[in-house]
Amino acid sequence: MRSTHTVLSFWRRARWRYVLLGVLRDWGREDAQTLIYIGKVLLACMLAMWVSLKFELEQPRTALLTVAIVMQTRTSMVLAKSFYRLIGTLVGIATSVLLVALFAQERVPFLIYLALWISFCTAGSIVFRHHQSYAFVLAGYTICIVGLPATLNPGQTFDIAMTRLSEIMVGLACASLVSALVFPQGISELLRNAVRKRFRDFSQLLINLKQNKLSAPNTQADTLRMVGDVFELEIFHASSSMESNHSRAYRQRLNLLNSEFMAVTTSFHSLEQLLRRLQASGHPQVVTSLLALFAPIQAAVMTHQHEARNEDEARQVALTINALRQRWPMHLHEIQASLPITLSETETLDFATGAELSLRVLDELHAYTNTYASLSHPMPASTLKNRQSPSLGMHFDPLAAILAGLRGGLVFALMSFLWIVCDLRSGIEAITLATIASTLFASAPSPSKTVRQFIIGALIGTALLYWCNFQLLTQAQGFTMLALALSPAIVIAAWLTTKPSVAAIGSGIFIVFFLHIGFNNVFAANPVNFINEAIADLLAVMLAGVFYSLIDLTNGLWSRTRVALALRTLIQEACVQTPPPERSSLETHARELLLRMGSSRHVANTQDKEVVDWLLSTLEIGQAVINLRQELQQVSDPAIRGTIDHSLLQLSRLFAQPSTILRQRAIVAITSSIARLQTSAPLTIANSQQLLTMLHFIRGALLDKHSVLTPLAPLDEVTKPGELRHA
């Protein structure tokens, strides 16, 4: 007790305690999480090294490299990545053993088949997303770790494979244990916060729809940010299943939430675009009336003078929206009664189109809010069964996947050629590093930039490697000194990986440092070998960077053209495909095309603006076409069905090959369909109104002078005013 009292007295008298407490108070939560993550990486590396040395594994550095690759800030992400790393490793080892057995005495055919395998795995990493993509990457470069050393000693193939597997298993076990037991950080809270933030952001977007902002630049940045939110939530959800036993119903609600969010954001964007066109074309009375119609929806998303911050407040918002849906016909009638009697037929149709879109936003917002509120409250099984959640699916450009696979295979083939011709002593490590660089970043949003950062990390890692091998390890005696020698490089690399803007630099340091650290189970450091390895590593990474520059699938004109063509194809399919595609399929396909290109992160980039415009145009026109075709199924009049089908055919031809003539033909065909509907009698009022508003919306989009079609299919100034009179 006396010693405790002495320590407490010293703490109270010490002036420096105020400085320490001030530093701790100034630290934000993010800084604390960064410090915890660095400590966990360091602890996992030391544990993996101790276990490897204790069991006298041949290459402890393989276990260290495994820890560095799979370690993440969130526990479930480490577990998910470790699981798929194990799958990829087992597949890669099995393939290595098979190829060595088939081509043990034939080096060239063996390397050719290895190149084909790496091409296949790299293409697979483009096709799949998230951790499945990483499993393909692992299956690709694991074959270098196991297969290439086995070519030098075919008789020891099985021993090499089991040794590498043991080392990798040690790394996976140490990373998973440390992440799960030492300050575990779950992803469920992150998932919940992402859902809440997305609802608040969208509510604010609804509230900001005002007449004085319609002339300002449109909200592309907000819309595109929400494109990425859909797939970010999917990543969190996929990882959260590794740490908690979420029910099947809960997972279904999250998928349903994503689908409903995409639907309501698309409908709101269509309404906003309609209001902008009306404001620009001189219809202020219609715009004012539509905003008055939309005002109760803006008020409904507010609770206690702010947006809903959690699921309980969202339940109150859902009740308010439901009450608004009940009185919506009366509210619509009041706004219609206040319209000036001097409105033209076209302006009346403009108002009807805006009213229809407002009602759709209201219905979809109600469904989205109900699902969001149900995340903390059970949803009846019957309700969930009636609201099936569509899968996001996989949408990709096959040519892009083929080119990515070709790039990975060529890098491996060229490095193998240099290994044979130049007789590189460290050829296996150089080929492995080149393969890692050419496959690991293939699905990155900006692989060329990522590889440049990786090269910087490789250079820094080489400098740290020299300092560690020849200054620290030579003085290290025992495990404690060995751990102290490795710690500086591990801490620096781990800290860099926590910064998204320079994370690839940290990865480069980790991979180069652990790939060539100067010890196995017996210390060895040779300056000549070190120089050879450094030169070979630099050559390998630079070769991968050159191929990324030559075959850039994300930021080149070729990529933007391919994405724009794919988006136009979606509209063609919506117009003529039988049966018509699901709306959720159209939206996920269009959004993922842009997300894979990486344009959602470069909204301000002028070069990417065209692709962004094509996405937004695809969403608004594609949604209108699908709704039009759904309503058309209830029409029995062959004359009306024929004229609308002809309009859709002309629209499909326009987006297949945009031109001024085809654009004018599509406008004329849609105008004829509208005229026939207005003079036909057999249709019900509701059905006729739905068809008219969707046709009118599509025509307005085609007549928009700011349309993305204008650069490819400009409207003739002579005929344009006449066409505008029809609108």
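The figures that follow rest on heavy atoms only: side chains count, while hydrogens, waters and symmetry mates do not. What you are looking at is a predicted structure, and each value in this text was computed from that prediction instead of being measured. Numbering starts at 1 and runs along the sequence shown.
Looking only at side-chain heavy atoms (C-beta outward), His366 and Leu362 stay at 4.5 Å or farther from each other. You'll find the side chain of Leu275 stays beyond 4.5 Å of the side chain of Val286, heavy atoms only.
With hydrogens and angles left out, the side-chain atoms of Thr671 and Arg699 include a donor and acceptor closer than 3.5 Å. There is no side-chain donor-acceptor pair under 3.5 Å between Gln689 and Glu356. Of the N and O atoms on the side chains of Asn193 and Arg198, not one donor lies less than 3.5 Å from an acceptor on the other residue.
With sequence neighbours left out, the ring pair (Phe, Tyr, Trp, His ring centres under 6.0 Å) criterion links Phe294 to no other residue. Shown here are the ring pair (Phe, Tyr, Trp, His ring centres under 6.0 Å) partners of Phe697, two or more places apart in sequence or in another chain: there are none. Residues meeting the side chain to side chain donor-acceptor pair (under 3.5 Å) test with Gln336, sequence neighbours left out: none. Partners of Ser133 under the side chain to side chain donor-acceptor pair (under 3.5 Å) rule, at least two apart in sequence or in another chain, do not exist in this structure. Qualifying side-chain contact (heavy atoms from CB on, under 4.5 Å) partners for Arg562, counting only residues two or more places apart in sequence or in other chains: Asp397, Leu399, Trp558.
Side-chain atoms of Ser673 come within 3.5 Å of backbone atoms of Thr643 as a donor-acceptor pair (strictly under, hydrogens ignored). Counting only distance, with no hydrogens or angles, the side chain of Asn322 and the backbone of Ala318 share no donor-acceptor pair below 3.5 Å. At least one donor-acceptor pair closer than 3.5 Å links the side chain of Ser672 to the backbone N or O of Val668. Checking side-chain atoms of Ser585 against main-chain N and O of Pro581 turns up no donor-acceptor pair under 3.5 Å.
Look at Asp645 and Arg641 and you find no salt bridge, because none of the NZ, NE, NH1 or NH2 atoms lies under 4.0 Å from a carboxylate O. Contact check on Arg325 versus Glu364 returns no salt bridge, with no Lys/Arg side-chain nitrogen under 4.0 Å from an Asp/Glu carboxylate oxygen.
Taking each heavy atom of Ala355 and Leu332 in turn, the nearest pair found is CB-CD1, 3.9 Å.
Note on residues 277-295: pairs passing salt bridge (Lys or Arg N to Asp or Glu O under 4.0 Å), not counting sequence neighbours, are Arg277-Glu620, Arg277-Asp704.
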